[in-house]
2 protein chains.
Amino acid sequence: VQIAIALFEGFTALDAVGPYEVLNRIAGAEAVFVGERRGPVRTDTGFLGLVADAGLDEVAGPDVVVVPGGPGQVAHMQGSAVVDWIRSVDEATTWTTSVCTGSLLLGAAGLLRGRRATSHWLALDQLPGLGATPATDRVVFDGKYVTAAGVSSGIDMALRLVERHVGAESAMAIQLGIEYDPEPPFQSGSPAKAPKDLVATLTALKPFILGG
Amino acid sequence: VQIAIALFEGFTALDAVGPYEVLNRIAGAEAVFVGERRGPVRTDTGFLGLVADAGLDEVAGPDVVVVPGGPGQVAHMQGSAVVDWIRSVDEATTWTTSVCTGSLLLGAAGLLRGRRATSHWLALDQLPGLGATPATDRVVFDGKYVTAAGVSSGIDMALRLVERHVGAESAMAIQLGIEYDPEPPFQSGSPAKAPKDLVATLTALKPFILGG
């Protein structure tokens with residue numbers, strides 16, 4: 001099973017690395033990081049580069065595609081080589097997935113019309129404009145399309161994907177291997193649980209957080 | 001606050017990227033990925049390279065050090081430039097931290113003698129040989145030394161660190177920003193919770209999982 005993780009300038013690192021860390025542990029899996037061209041792609045903070053080992057034209061038939069989000073996503077919404085690639089490889093994928101605002105790129109590729117999908121909680125309101133019905137679940141399956149909520153949710157998404165694609169036993173083994181027994185220190189990980197004033201503060205910072 | 005994340009060949013990506021994704025969100029933080037020399041450093045799977053933007057000799061006084069684990073750690077246990085660097089910068093850090101088997105590198109640097117520490121659950125038995133008392137907590141603070149359990153635990157560690165270093169409000173905001181409201185699909189994320197036969201299976205694979 002070939003897993004292609006799409007990189008673009010300004011992506012959020014954990015969106016990509018969370019699913020990678022789970023999915024590469026599928027027996028026989030090959031993960032490949034794909035960029036517009038080979039070479040380092042910088043994250044949203046500018047503090048980190050991940051190496052794309054392949055250009056878009058070198059990965060034509062992945063079984064699984066993972067599209068991360070991040071402020072850099074905004075620049076692709078009117079179409080781009082990355083969006084064209086997503087649309088093209090989707091024709092033959094087993095699973096087309098996204099984390100955070102990566103779902104907006106799936107939407108820009110026209111793949112979410114009439115589907116349930118999720119995104120970073122600050123971006124859910126952009127889904128209807130792309131033809132999708134927003135869901136507040138952390139991980140949303142609709143056919144072969146799997147979208148996850150913000151940043152850290154890609155770990156949950158990937159474990160659910162292993163469960164569906166390989167089986168529960170494999171997913172449980174991977175969860176134990178990465179010691180995923182989370183202890184979030186606060187009840188603040190979703191807008192439904194966080195204090196209202198904190199939600200308001202981050203909502204006011206939306207353009208800064210999501211980019212644009 | 002300067003946060004230095006140490007990279008070495010064969011590290012585990014999420015060990016490094018989990019804490020990075022949290023800590024870079026501290027207001028005014030600068031994160032720097034440090035390798036033996038500048039340039040890409042490959043992860044344990046070989047499927048991914050992260051770019052070290054600085055060589056060890058270029059980062060002399062970070063406030064926070066994060067040492068990831070991964071099978072590549074084994075090659076450093078008898079001493080290496082990375083271990084020497086950890087020992088050297090530790091003299092002036094505010095926090096010296098590790099994820100997964102990164103704690104064994106702190107131990108190799110002589111920093112855990114007489115301290116409580118944790119590591120990947122399969123590596124806890126190596127801590128006494130390094131002078132440390134193993135703890136099964138997911139995140140262990142002992143003075144300025146903060147060690148986390150396997151792979152995914154670095155996210156929890158970093159949020160706890162933000163709480164201590166900056167304050168609970170900042171940590172809560174970061175947790176909401178990365179939408180960290182985990183939904184682990186199984187009760188299998190720790191050896192205490194996972195089915196016994198699964199724990200036995202992974203224990204039998206220990207040399208393969210931890211490297212060596």
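This one's a predicted model, so the numbers in the text were calculated from it and none came from an experiment. Here is the naming used below: chain letters follow the sequence lines, and residue numbers restart at 1 for every chain.
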Quick check: does any side chain N or O of [X] sit under 3.5 Å from a backbone N or O of [Y], one acting as donor and the other as acceptor?
X         : Y         : value
Trp121(B) : Leu176(A) : yes
Arg138(A) : Glu179(B) : yes
Glu183(A) : Asp156(B) : no
His120(A) : Gly177(B) : yes

- Query: Taking side chain as C-beta onward, heavy atoms only, is Pro184(B) less than 4.5 Å from Pro182(A)?
  - Reply: yes
- Can you check whether Leu159(B) reaches Phe186(A) side chain to side chain, under 4.5 Å on heavy atoms? no
- Taking all non-hydrogen atoms of both residues into account, name the closest pair between Gly189(B) and Gln175(A) and its distance.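 Result for this residue pair: N-NE2, 3.6 Å.
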- Query: Shortest non-hydrogen contact from Asp44(A) to Tyr20(B)?
  - Reply: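 In this case the closest contact between Asp44(A) and Tyr20(B) is OD1-OH, 4.1 Å.
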- Determine, stepwise, if the pair Leu50(B) / Val51(A) fulfils side chain to side chain contact (heavy atoms under 4.5 Å, CB included). CA-CA 6 Å; Leu50(B) 264 67; Val51(A) 179; over 6 Å; no
- Message: Please evaluate residues Asp181(A) and Lys193(B) with respect to the criterion salt bridge (charged side-chain N to carboxylate O under 4.0 Å, His left out), reporting the C-alpha separation (whole Å), side-chain torsions for both, the decisive distance (0.1 Å), and the verdict.
- Response: CA-CA 9 Å; Asp181(A) 183 24; Lys193(B) 293 181 182 173; 2.6 Å; yes
- Message: Would you compute the distance between atom CG of Leu48(A) and atom CG of Asn24(B) and round it to the nearest 0.5 angstrom?
- Response: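 Answer rounded to 0.5 Å: 9.0 Å.
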- Message: How long is the straight-line distance from CG of Leu14(A) back to CD1 of Ile155(B), given to the nearest 0.5 Å?
- Response: 5.0 Å
- Between Tyr180(B) and Ser153(A), do the side chains contain an N or O donor and an N or O acceptor separated by less than 3.5 Å?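 Result is no, nothing qualifies.
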